[in-house]
Amino acid sequence: MLSEDYGNEIVIELIASLIPMTSRDRIKAIRNQPRTMEEKRNLRYGWKIVDKEKSKQSHRIFKPNCCAQCLDSISRTYQRSKNSLSELLNTVSLWQKTLKVIGGKFGTSVLSYFNFLRWLLKFNIFSFIVNFSFIVIPQLTVAEKNTLPFTGLEFLTGAGYFRDTVMYYGFYTNSTIRHGSSGVSYNMQLAYIFTVGFCLVVCFFSLLFSMAKYFRNNFINPHIYSRGIAKLIFCWDFTVTNEKAVKLKQKNLSTEIRENLSEIRQENTKLTLHQQLSHFSAHMAAWTVSAGVAIACCVAVYYLAEYNSEFLKTHQNPGAVLLLPFVVSCINLVVPRFYSMFRLVERYEMPRHEVYILLIRNIFLKISIIGILCYYWLNIVALSGEECWETLIGQEIYRLLLMDFVFSLADSFLGEFLRRIIGMRFITSLGLQEFDIARNVLELIYAQTLVWIGIFFCPLLPFIQMITLFIMFYAKNISLMMNFQPPSKAWRASQMMTFFIFLLFFPSFTGVLCTLAITIWRLKPSVNCGPFRGLPFFIHSIYSWIDTLSKRPSYLWVVWIYQNLIGSCLSFFLFFSFRIITYLYWQITEGRKIMIRLLHEQIINEGKDKMFLIEKLIKLQDTEKRVNPSSLILERSEVEQQGLLHLGERDAAPGLRFRQSVQEDNPRA
């Protein structure tokens with residue numbers, strides 16, 4: 001009876017809290033309640049009855065005026081549109097079911113790779129939409145017919161027919177687009193540089209916000225201290241009724257519990273001094289070898305790039321341009337596998353540490369190779385006097401991106417399949433391999449870095465990357481299910497996404513900004529191609545635009561912003577540094593506020609639980625007194641007897657101590 005009364009009180013409180021909400025919020029609140037479907041139906045029926053009675057009373061009391069009705073209808077329309085938009089975004093979210101299956105079978109560590117891939121896909125979709133809308137479509141309205149023959153080899157080389165298309169920088173006009181005598185003018189120079197700049201600025205702030213959000217959720221969230229074990233064990237979604245969904249949910253929960261327990265066990269292991277020294281020497285040797293290999297690869301790529309320019313002058317074969325991308329892709333495929341073999345020597349206790357170290361070594365290798373190539377492009381190709389060096393750089397980046405994609409597909413469908421056959425048929429001691437998170441993540445970061453560098457020279461490069469990422473998701477998913485086993489050491493990867501985005505931000509994205517800044521501020525555009533032909537530097541298009549605005553009084557505020565915030569490098573750097581640091585500190589403060597609020601709610605809930613238990617205990621005692629009063633009399637008599645016994649022992653204690661002291665002084669007595 002007491003539990004039923006308490007349950008009814010809770011139901012009444014819930015109905016009272018649901019009344020001020022909108023209908024959509026009420027449905028969401030009821031759906032999130034850990035109750036059976038019958039109880040949820042009763043809740044919906046209850047608040048509907050209360051809402052009807054309340055509306056009747058309100059209509060009797062007063063009739064709202066026209067302004068109140070308009071405001072109410074506007075607020076409801078806004079709320080409906082907001083909820084419908086959120087539901088639409090949830091329904092079009094890619095690969096939700098597939099990601100749940102991957103997380104349930106392979107854990108959150110492998111799932112973090114696929115989440116990162118999907119996150120990059122959204123980046124490229126946004127960049128493609130912006131570039132296509134503001135650069136490609138205006139150019140297509142004035143484009144001339146392409147007279148070059150199409151052979152099919154252009155898909156591999158990126159040259160030939162594609163050279164005179166909207167894919168590359170050199171095809172775009174430098175004139176102002178105007179349709180008709182009274183049509184609106186469209187400055188292609190400003191559109192090109194502002195569109196590319198807008199994409200990079202949005203990517204910059206998206207990286208910053210995502211990094212801060214994941215940092216707040218995974219490093220300063222109170223759930224990381226309790227590891228969420230209470231949530232895993234005691235929480236269940238009662239709305240899940242499908243048998244397959246229930247089994248998938250159980251598998252996910254069991255995998256998360258296994259990861260938490262494994263991490264607790266690994267943190268409690270302690271090494272002896274001899275083991276620490278041996279591990280330190282192994283780590284130093286591995287770092288020395290990896291650094292030497294990376295330096296050797298960078299030197300080889302630089303000399304190959306110089307030789308490649310001379311080689312192409314003497315060989316007219318169209319496939320000769322694939323030599324440099326082929327060698328670079330071979331290095332990116334072989335060397336990370338060589339780095340992965342260091343785990344046999346280093347033997348990290350924490351799998352997370354192993355992934356972090358592999359990520360740092362691979363990012364040092366791949367960003368160094370990209371840096372060498374950028375130096376070659378900006379100091380040799382750009383100054384070589386070629387007819388349209390911007391298009392040549394765009395073609396080189398296209399070939400590197402495409403060759404890396406071909407090698408990744410071949411490795412997924414051929415290399416990993418052969419490794420499975422060898423481990424299962426011929427050398428059974430090897431068994432199935434585990435998914436290499438560090439190597440696969442660095443492939444994504446390498447490709448995205450090339451896309452960001454090439455977006456200025458090849459505006460449609462985000463579209464190509466969008467297609468490759470879409471194909472790679474399904475290829476990696478099929479290979480994962482067929483050729484890999486779950487990690488032998490289960491571990492949580494809640495903080496991996498933060499580390500991935502940090503590596504994408506630094507050194508990848510910051511290096512891209514430096515490369516494009518040198519291109520725009522220091523290099524001279526080609527004379528006969530591109531939207532900036534005839535200018536001494538790319539940035540002079542902005543200078544001439546600012547000079548034009550300075551002659552118009554209504555646009556002087558734009559001139560002031562440029563001269564004081566953007567044009568001044570020191571002010572620009574200090575302003576953005578201050579904004580970044582302020583935002584990061586604000587995120588940390590918000591995370592700590594959430595922690596304090598949750599701990600405060602936990603204290604309040606514990607107090608309510610104690611008060612409820614005390615009230616229940618008092619009521620049980622009252623009912624027991626009414627049902628069996630004789631037991632109360634017996635209990636009182638026992639208490640009185642125990643009190644008299646303790647009183648007699650206390651009165652007899654001085655005499656006993658006196659006799660003991662006399663016996664100690666006089667043993668004969």
Side-chain angles (χ1 to χ4, degrees), residues 109-127 199-200 203-204 206-208 210-211 214-215 290 294 297-298 301 325 328-329 331-337 339-340 352 354-374 397 400-409 411-412 435-455 461-462 464-473 475-476 493 495-516:
S109 57
V110 179
L111 180 63
S112 61
Y113 165 79
F114 290 91
N115 284 328
F116 186 60
L117 189 150
R118 187 178 65 168
W119 190 76
L120 288 178
L121 180 61
K122 296 177 182 178
F123 256 124
N124 289 280
I125 291 173
F126 168 78
S127 300
C199 288
L200 294 176
C203 290
F204 173 80
S206 299
L207 285 171
L208 184 65
S210 301
M211 189 167 54
Y214 282 107
F215 176 78
S290 62
C297 291
C298 292
V301 168
V328 172
S329 298
I331 292 173
N332 289 329
L333 181 66
V334 174
V335 176
R337 291 185 178 275
Y339 287 167
S340 299
R352 185 190 296 110
E354 179 182 338
V355 174
Y356 287 163
I357 295 300
L358 283 175
L359 282 171
I360 294 171
R361 289 170 182 166
N362 287 324
I363 198 71
F364 176 71
L365 169 71
K366 298 199 173 189
I367 296 300
S368 299
I369 291 176
I370 293 177
I372 293 295
L373 291 174
C374 289
I397 296 174
L400 284 169
L401 186 65
L402 188 66
M403 191 64 67
D404 182 74
F405 170 67
V406 171
F407 269 68
S408 298
L409 277 183
D411 181 54
S412 298
F435 190 78
D436 195 342
I437 302 171
R439 180 173 59 85
N440 287 279
V441 167
L442 261 298
E443 288 178 359
L444 298 178
I445 294 178
Y446 169 78
Q448 190 60 41
T449 307
L450 289 177
V451 171
W452 280 332
I453 294 174
I455 196 173
L461 211 57
I464 299 168
Q465 176 70 352
M466 186 174 67
I467 297 174
T468 57
L469 288 176
F470 195 82
I471 297 173
M472 283 303 299
F473 183 90
K476 289 294 181 181
Q495 299 170 356
M496 290 298 295
M497 196 69 179
T498 310
F499 195 67
F500 295 162
I501 297 175
F502 175 76
L503 289 179
L504 191 64
F505 182 78
F506 180 84
S508 176
F509 188 75
T510 52
V512 170
L513 292 181
C514 294
T515 303
L516 293 180

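In what follows, residues are counted from 1 in the order of the sequence shown. Side-chain atoms are counted along with the backbone in the values below, which use heavy atoms only and exclude waters and symmetry mates.
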Legend entry - Atom pair CG/CE of Leu117 and Met472 - distance to nearest 0.5 Å: 7.5 Å

Legend entry - Sub-4.5 Å side-chain heavy-atom contact between Asn440 and Glu443: yes

Inset, instruction - Have a look at Leu207 and tell me which of Phe123, Phe506, Phe502 forms a side chain to side chain contact (heavy atoms under 4.5 Å, CB included) with it. - result: Phe123

Inset, instruction - If the plane angle is over 60° it's perpendicular, under 30° parallel, otherwise tilted; pick one for Phe509 and Phe505. - result: parallel

Legend entry - side chain to side chain contact (heavy atoms under 4.5 Å, CB included) between Phe364 and Ser290, worked out: CA-CA 10 Å; Phe364 176 71; Ser290 62; over 6 Å; no

Inset, instruction - Evaluate side chain to side chain contact (heavy atoms under 4.5 Å, CB included) for Phe470 paired with Ile125, printing each intermediate quantity in order. - result: CA-CA 11 Å; Phe470 195 82; Ile125 291 173; over 6 Å; no

Inset, instruction - Report the distance from atom CG of Leu504 to atom CE of Met211, rounding to the nearest 0.5 Å. - result: 10.0 Å

Inset, instruction - Could you point out which residue of Ile367, Asp404, Ile363, Leu401 forms a side chain to side chain contact (heavy atoms under 4.5 Å, CB included) with Tyr446? - result: Asp404

Inset, instruction - Without swapping roles, check the side chain of Tyr339 against the backbone of Asn362 for a donor-acceptor pair under 3.5 Å. - result: no

Inset, instruction - Take the angle between the ring planes of Tyr356 and Phe499 and call it parallel below 30°, perpendicular above 60°, tilted in between. - result: tilted

Inset, instruction - Calculate, to the nearest 0.5 Å, the distance between atoms CG and CD1 belonging to Leu503 and Ile360 respectively. - result: 7.0 Å

Inset, instruction - Ignoring hydrogens and angles, state whether a donor on the side chain of Gln448 or Asn124 is under 3.5 Å from an acceptor on the partner side chain. - result: yes

Inset, instruction - Write down the atom of Leu400, the atom of Pro325, and the distance for their closest heavy-atom approach. - result: CD2-CA, 3.7 Å

Inset, instruction - State, to 0.1 Å, how close Cys297 and Ile331 come at their nearest heavy-atom pair, and which atoms those are. - result: SG-CG2, 3.8 Å

Inset, instruction - Step by step, work out the side chain to side chain contact (heavy atoms under 4.5 Å, CB included) result for Phe473 and Leu121. - result: CA-CA 10 Å; Phe473 183 90; Leu121 180 61; over 6 Å; no

Legend entry - Heavy-atom pair with the smallest gap, counting every atom of Ser206 and Trp119: O-CZ2, 4.4 Å

Inset, instruction - Using atom types as modelled and distance alone, determine if a side-chain donor or acceptor of Asn332 lies under 3.5 Å from a backbone N or O of Val328. - result: yes

Inset, instruction - Can you measure from NZ (Lys366) to CG (Leu450) and round to the nearest 0.5 angstrom? - result: 10.0 Å

Inset, instruction - With the side chain counted from C-beta on, respond yes when Leu444 and Tyr113 share a heavy-atom pair under 4.5 Å apart, and no when they do not. - result: yes

Legend entry - Point-to-point distance, once rounded to the nearest 0.5 Å, from CD1 of Ile455 to CD1 of Ile453: 11.5 Å

Legend entry - Point-to-point distance, once rounded to the nearest 0.5 Å, from OG of Ser112 to CZ of Phe500: 4.0 Å

Inset, instruction - Could you give me the CA-CA distance, side-chain angles and deciding distance for Phe116 and Ile445, then say whether side chain to side chain contact (heavy atoms under 4.5 Å, CB included) is met? - result: CA-CA 10 Å; Phe116 186 60; Ile445 294 178; 3.9 Å; yes

